[in-house]
Amino acid sequence: MPKLPAANSRTLIRRLVRVALAFAAHRQRGAARKLTEAEIASLLQSAEDTHDLAHETDAQSEALAQALAELPERRRAILVAALQDKAPWRAIAKRLGVSMGTVNIELRRALEHGARRLRQIRGASDKN
């Protein structure tokens, strides 16, 4: 193997050092991107918690749908108009031929009924 002039060998050595340092930095960044066992376990636990939350949300949705079905017709109409249709209370009162005070009372009672049903569901799930 022929000997390189000293100037060329120093240049080559500098390049090799830079390449080696860049390679080491690249490997270190790659290792930093990998998850530890604890991080993986934490992600798996989060997925299980999300599944439990989705199940709880389904139960709550069912309870609220049942609570809505249990409401008297006028109260249900007021709740749907106010929350889903975002109708102003004055328009709701006019459409149903009632006072705004009645809209207020019926809406409050509908919301209280829904809240009671949610508390019942939560109480039942806490016991299990």
Side-chain angles (χ1 to χ4, degrees):
M1 186 158 157
K3 280 208 156 200
L4 296 172
N8 285 342
S9 65
R10 278 183 282 200
T11 303
L12 180 61
I13 290 171
R14 284 188 196 124
R15 282 188 185 159
L16 286 173
V17 168
R18 279 197 304 267
V19 168
L21 289 173
F23 180 73
H26 176 75
R27 294 220 22 172
Q28 189 175 17
R29 282 191 303 271
R33 286 192 300 258
K34 293 180 183 174
L35 297 176
T36 65
E37 286 184 37
E39 290 169 329
I40 292 170
S42 174
L43 287 172
L44 290 174
Q45 182 62 44
S46 294
E48 288 176 17
D49 292 346
T50 301
H51 180 266
D52 292 344
L53 180 60
H55 178 69
E56 182 178 326
T57 302
D58 288 344
Q60 289 175 350
S61 295
E62 287 178 30
L64 288 175
Q66 184 178 351
L68 184 62
E70 295 167 355
L71 292 175
E73 188 176 335
R74 181 175 75 182
R75 193 171 294 164
R76 182 174 46 250
I78 290 171
L79 181 67
V80 169
L83 297 183
Q84 183 177 331
D85 302 340
K86 297 186 178 14
W89 288 12
R90 186 177 310 278
I92 297 169
K94 185 175 182 179
R95 184 173 3 138
L96 297 175
V98 297
S99 69
M100 284 184 40
T102 300
V103 170
N104 181 23
I105 290 168
E106 293 289 1
L107 188 56
R108 188 184 77 238
R109 288 179 180 166
L111 294 172
E112 287 171 349
H113 180 70
R116 270 194 310 276
R117 297 301 254 147
L118 283 178
R119 281 194 299 273
Q120 289 172 350
I121 289 292
R122 287 188 181 140
S125 68
D126 289 344
K127 292 177 183 176
N128 293 334

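Throughout, residue positions are numbered sequentially from 1 according to the sequence presented.
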Stepwise side-chain contact (heavy atoms from CB on, under 4.5 Å) check, Arg117 with Glu70: CA-CA 11 Å; Arg117 297 301 254 147; Glu70 295 167 355; 2.7 Å; yes
For the atom pair CZ (Arg75) and CZ (Arg108), what is the distance rounded to the nearest 0.5 Å? 9.5 Å
For the student: nearest non-hydrogen atoms of Leu64 and Gly114, plus distance: CD2-O, 3.8 Å
Which heavy atom in Arg95 sits nearest to a heavy atom in Ala87, and how many Å separate them?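 Minimum heavy-atom contact is NH2-CB, 4.0 Å.
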Cluster question for you: counting only ILVMFWY and a side-chain heavy-atom cut-off of under 4.5 Å, with indirect links fine, are Leu107 and Ile92 together? yes
Might you work through the side-chain contact (heavy atoms from CB on, under 4.5 Å) test for Glu106 and Val98, ending with a clear yes or no? CA-CA 11 Å; Glu106 293 289 1; Val98 297; over 6 Å; no
Determine yes or no for a side-chain-to-main-chain donor-acceptor pair under 3.5 angstrom, with Arg76 supplying the side chain and Leu71 the backbone. yes
Would you find more than 12 non-hydrogen atoms of other residues, nucleotides or ligands less than 6.0 Å from Glu73 atom CD?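 Count not over threshold, so no.
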Using the side-chain contact (heavy atoms from CB on, under 4.5 Å) rule, take Leu83 and Leu111 through it: C-alpha gap first, then chi angles, then the decisive distance, then the call. CA-CA 10 Å; Leu83 297 183; Leu111 294 172; 4.0 Å; yes
